[in-house]
Amino acid sequence: MTSKNPQTREWQTLSREHHLAPFSDFKQLKEKGPRIITNAKGVYLWDSEGNKILDGMAGLWCVAIGYGRDELADAASKQMRELPYYNLFFQTAHPPVLELAKAISDIAPEGMNHVFFTGSGSEGNDTMLRMVRHYWAIKGQPKKKVIISRKNGYHGSTVAGASLGGMTYMHEQGDLPIPGIVHIPQPYWFGEGGDMSPEEFGIWAANQLEEKILELGVDTVGAFIAEPIQGAGGVIIPPDSYWPRIKEILAKYDILFVADEVICGFGRTGEWFGSDFYGLKPDMMTIAKGLTSGYIPMGGLIVRDEVVEVLNEGGDFNHGFTYSGHPVAAAVALENIRILREEKIIERVRAETAPYLQKRLRELNDHPLVGEVRGVGLLGAIELVQDKATRARYVGKGVGMICRQFCFDNGLIMRAVGDTMIIAPPLVITKTEIDELVTKARKCLDLTLSALQS
Ligand code: PXG
């Protein structure tokens, strides 16, 4: 790539010589050099070559209120001057963390009024695992240790997070999962539904939970964790029959239900939480990303009152992080939630931009490469196939990666998960920007098709 800006090369040299990037092939990245993103505003990014890019992924599913909001920078700066750090370990607290816990309780589902803060979503899920086991031990049922999760779910990259997740390529590195975590099939009809109708498949996939509980014995199962909609797995929206059947199963057996809201939380579906969207009643909800719109790292675990009542009887919970409830992160999160509420951003997603995005995206169904378009709120997925009728994929072509590269080159960030293209733009995206996104997506699908035919 020829470079207009000599600094691009300098930064790429720094990358090659000093940086190990997450989820990357180190050697390949050294050869190619990363694209350098230098600044951002609203839904747009700029790279060091001056290219303007529409960010169809809100960073990494997180920049809910869009880039460049001075209010968050001001909140951080004010808090840094007043109290940049103090811990919450030794029976101390500070105003921002307490006010944030209250603000989250106000928007969380009824009966979920306590929050344990962490530095990330992964740490939130590590906290969950330890809290679930501690909870059952206090109740005199220490054998209820197993957490049931789902194949191709994503719950983070720490040892517990990656174990809870169902990504086999992550398990392969580092001898995961750790004991006590088992996975059931995911409700991915397009990829795995075979000849079943979506509704039949949804029931089948949900029934796998009951079968697993019975196989393991309910006295050994502590919790079931799931994303309301799988994000990193490919924006997998369960058939309508799935969650109602899961709710019936959860009501039958004495296990905890954990909704991982790291992607669905804070408005992505047009409701505050994915659990609100599907009418779920979780005992715990993992949060991160949209909590601070990604402006600063923060995660947490929201816990139902009945669970807290049990934990209250258990003495010390021997768990926490230096940065649990960091005051600067808490101040930024508070300001982010204030903006989401006062500017009625989620209401606008629900009433206006989500229906518009979903309608416009579905227009891509007529494209020869597209096997399915699905979406909810401001989440969308486009399945790339060779044969629309049989849902057969192109084999060995890496179609998703080809399409992703065309997107990058044409000023659009759209992610590829295998041959599934996914989008999750900032919640503040306008209808005009949605038009631009869909126009660019169609152009990149055309370019991908031409590349496959040449
Ligand atoms: N749960 C869910 C549902 C997530 O999506 C995490 C937990 C972990 O959060 P932290 O803050 O520890 O990263 C996530 C994170 C991708 C991708 O490729 C997605 C995530 C992270 C990195 C990459 O889509 N989600």
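Whatever order the structure lists them in is the order used to number ligands and atoms, beginning at 1. Residues take their numbers from the sequence shown, with the count starting at 1. The structure presented is a predicted model; accordingly, all values stated were derived computationally and were not measured.
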Tyr188: partners by ring-ring contact (aromatic ring centres under 6.0 Å, His included), with sequence neighbours left out: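 If we apply the ring-ring contact (aromatic ring centres under 6.0 Å, His included) test to Tyr188, skipping adjacent residues, there are no hits.
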Which donor-acceptor pairs under 3.5 Å do side chains of residues 166-173 form with protein atoms, sequence neighbours excluded?
unit_1, atom_1, unit_2, atom_2, d
His171, NE2, Ala162, O, 3.0
His171, NE2, Gly165, O, 2.8

Purely on distance, is any nitrogen or oxygen of Trp61 under 3.5 Å from one on ligand 1?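 Trp61 vs ligand 1: N/O contact under 3.5 Å present.
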Looking only at protein heavy atoms, which one is nearest to atom 23 (C) of ligand 1, and what is the separation? Leu60 CD2, 3.7 Å
What is the closest protein heavy atom to atom 2 (C) of ligand 1, and at what distance does it sit?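 Sorting protein heavy atoms by distance from atom 2 (C) of ligand 1 puts Tyr154 O, 3.3 Å first.
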Can you list the ligand 1 atoms lying under 4.0 Å from a non-hydrogen atom of [X]?
X	value
Arg415	16 (C), 18 (O), 24 (O)
Gly121	8 (C), 9 (O), 10 (P), 11 (O), 12 (O)
Ala232	16 (C), 19 (C), 24 (O)
Ser120	11 (O), 12 (O)
Ser122	8 (C), 9 (O), 10 (P), 12 (O)
Ile263	5 (O)
Asp260	1 (N), 2 (C), 3 (C), 7 (C)
Glu227	3 (C)

For a quick test of reading the model, state the closest non-hydrogen atom pair linking Tyr67 to Tyr295 and the distance between them.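 The pair with the smallest heavy-atom distance is C-OH, 3.3 Å.
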Looking at every non-hydrogen atom in both residues, tell me the closest pair between Leu384 and Arg393 and how far apart they are.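 Result for this residue pair: O-NH1, 3.0 Å.
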For this output row, return yes or no: ring centroids of Tyr323 and Phe117 closer than 6.0 angstrom.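 Ring-ring flag for Tyr323/Phe117: false, centres at least 6.0 Å apart.
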Residues Glu99, Lys102: salt bridge by 4.0 Å N-O rule: no
Taking only Lys NZ, Arg NE, NH1 and NH2, and the carboxylate oxygens of Asp or Glu, determine whether Arg304 and Glu110 approach each other closer than 4.0 Å.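 Result for this pair is no, no salt bridge flagged.
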Work out whether the distance between some heavy atom of Glu123 and some atom of ligand 1 is less than 4.0 Å.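 Distance cut 4.0 Å: Glu123 fails for ligand 1.
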Could you tell me whether ligand 1 has any atom less than 4.0 Å away from a heavy atom of Lys289?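 Per 4.0 Å heavy-atom rule, Lys289 contacts ligand 1.
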Does Asp47 use its side chain to pair, donor to acceptor, with the backbone of Arg35 at less than 3.5 Å?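 Checking the backbone N and O of Arg35 against the side chain of Asp47, no donor-acceptor pair under 3.5 Å is found.
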Just by distance, do the side chain of Glu436 and the backbone of Leu54 share a donor-acceptor pair under 3.5 Å? no
Structural part of Val417 in contact with ligand 1, heavy atom criterion under 4.0 angstrom: neither
